[in-house]
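Taking it in order: structure first as structure tokens, then the write-up.
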2 protein chains.
Amino acid sequence: MNIKEVSERSNLPAKTIRYYEEIGLIRPKRAENGYRAFRESDLHKLAFLGRARELGFSIEDCRTLMALYEDETRESAHVRSVAEEHLGAIDAKIAQLQSMRKTLAHLVHCCAGDNRPDCPILEDLATHGPAQPEQAAR
Amino acid sequence: MNIKEVSERSNLPAKTIRYYEEIGLIRPKRAENGYRAFRESDLHKLAFLGRARELGFSIEDCRTLMALYEDETRESAHVRSVAEEHLGAIDAKIAQLQSMRKTLAHLVHCCAGDNRPDCPILEDLATHGPAQPEQAAR
DNA sequence: ATTGACCTTCCCGTGACTGGAACCATTATC
DNA sequence: GATAATGGTTCCAGTCACGGGAAGGTCAAT
């Protein structure tokens, strides 16, 4: 298989597939003309990677998960802990976005949105400076 | 004011302040020794920027918002539209994260997390390839 | 005279790609 | 056989919003 077919069957851009090879996530063979020669197993790995990326795992997480996938002696606890950590990060991100959303929605609601210059959004920005970083918990 | 005082009073790292000057968001004067000489107005702008960044506005949005802030003839509708667009992006991001979260939480819940290799998380990754990109709406 | 704290610029690295240039290989068409 | 279209290759640069660190100048205090 050449890269285009793999790209279509994995729903990953060819650029991404080359990048994954560059960083060692896949190791397709080469044909005599220098073209990458993908096997079904490469395609399978790419689908795995695509799904993991879709769930928001970092490339490094993907590397770990692939290694676990290929390790018959893995413990599911290991996989689960990777997923749990990622889940925690997602939750933190959601909370942060919801906090932004709340403030922003309020400001947008308060803004007349007409041809006059008065604007509570700008007033907020001008008066509520950035928050002090919290003292890190020990 | 030198950069350290401004950094402390604005709660922005000195690196960030220099960066904001580099990209033209602020234009502090210079003392004879080459040090940046910040005025209160620079500090005010930095606080404005810090707050806008805290609400997730991009640097380009910040540039627009600052320009509107300084434009006495602005229309609040303009400010509001910038904020609404950003709000929409936040909502989209939240929805995407919640979708990930849902799938991931389910998988984590299903995974025994013990010393055996069987793992529904890896099974999902191996079998549910990446989604086809939706046909873009016209 | 020498610390030490502060300031400066400059360059590299981040994550996960994307775009584009320049060039080689294969296949189809005239 | 010449040409064009399509596909492949590598390499370089750019994205976003900074952060780290080196090399060196300035200032206040000891």
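Here is the naming used below: chain letters follow the sequence lines, and residue numbers restart at 1 for every chain. Computed from a prediction, not measured in an experiment: that's the story for all the values here.
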To the nearest angstrom, how far is A:Ile17 atom CD1 from C:dC17 atom P? 11 Å
Check nucleotides 20-24 of chain C against the protein and report each pair of N or O atoms closer than 3.5 Å, with its distance, or say if there are none.
residue : atom : partner : partner atom : Å
C:dG20  : O6   : A:Lys15 : NZ           : 2.3

Please list, pair by pair, any protein nitrogen or oxygen found under 3.5 Å from a nitrogen or oxygen in nucleotides 3-6 of chain D.
none

Return the value, rounded to whole Å, for the distance between atom CD1 of A:Ile26 and atom P of C:dC17. 12 Å
Report which part of the nucleic acid A:Arg36 touches: base, sugar-phosphate, or nothing (heavy-atom distance under 4.0 Å, all strands). sugar-phosphate
Is it true that A:Asp118 and A:Arg116 make a salt bridge, defined as a side-chain N closer than 4.0 Å to a carboxylate O? no
Would you check if A:Met66 and A:Phe48 make a side-chain contact, meaning some heavy-atom pair closer than 4.5 Å? yes
Quick check: does any side chain N or O of A:Arg80 sit under 3.5 Å from a backbone N or O of B:Cys111, one acting as donor and the other as acceptor? yes
Decide salt bridge (Lys or Arg N to Asp or Glu O under 4.0 Å) for A:Lys15 and A:Glu22; before the verdict, give the C-alpha distance in whole Å, the side-chain angles of both, and the deciding distance to 0.1 Å. CA-CA 10 Å; A:Lys15 279 274 187 182; A:Glu22 189 189 326; over 6 Å; no
Net bend of the helix from C:dA1-D:dT30 to C:dC30-D:dG1, end axes of five pairs each, nearest 10 degrees: 30°
Pick base, sugar-phosphate or nothing for B:Arg53, based on heavy-atom distances below 4.0 Å to the nucleic acid. sugar-phosphate
A:Arg63 side chain reached by A:Ile23 side chain, heavy atoms, under 4.5 Å: yes
Charged N to carboxylate O under 4.0 angstrom, A:Glu21 versus A:Arg36? yes
Which residue lies more 5' along DNA chain C, comparing B:Glu21 with A:Thr16 via nearest heavy atoms: B:Glu21
Is a side-chain donor or acceptor of B:Thr16 paired with a backbone partner of B:Leu12 at a separation under 3.5 angstrom? no
Test salt bridge (Lys or Arg N to Asp or Glu O under 4.0 Å) applied to B:Arg39 and B:Asp42, step by step: CA-CA 5 Å; B:Arg39 292 148 294 187; B:Asp42 294 316; 3.2 Å; yes
Sugar-phosphate, base or nothing in reach of A:Phe57, heavy atoms under 4.0 Å: nothing
Within less than 4.0 Å of OP1 or OP2 of C:dT26, is there a side-chain N or O belonging to A:Asn33? yes
When we call it a touch if two heavy atoms are under 4.0 Å apart, what does B:Ile3 touch: a base, just sugar-phosphate, or nothing? sugar-phosphate
Taking atom P of D:dC16 as reference, at what distance in whole Å does atom CD1 of B:Ile23 sit? 11 Å
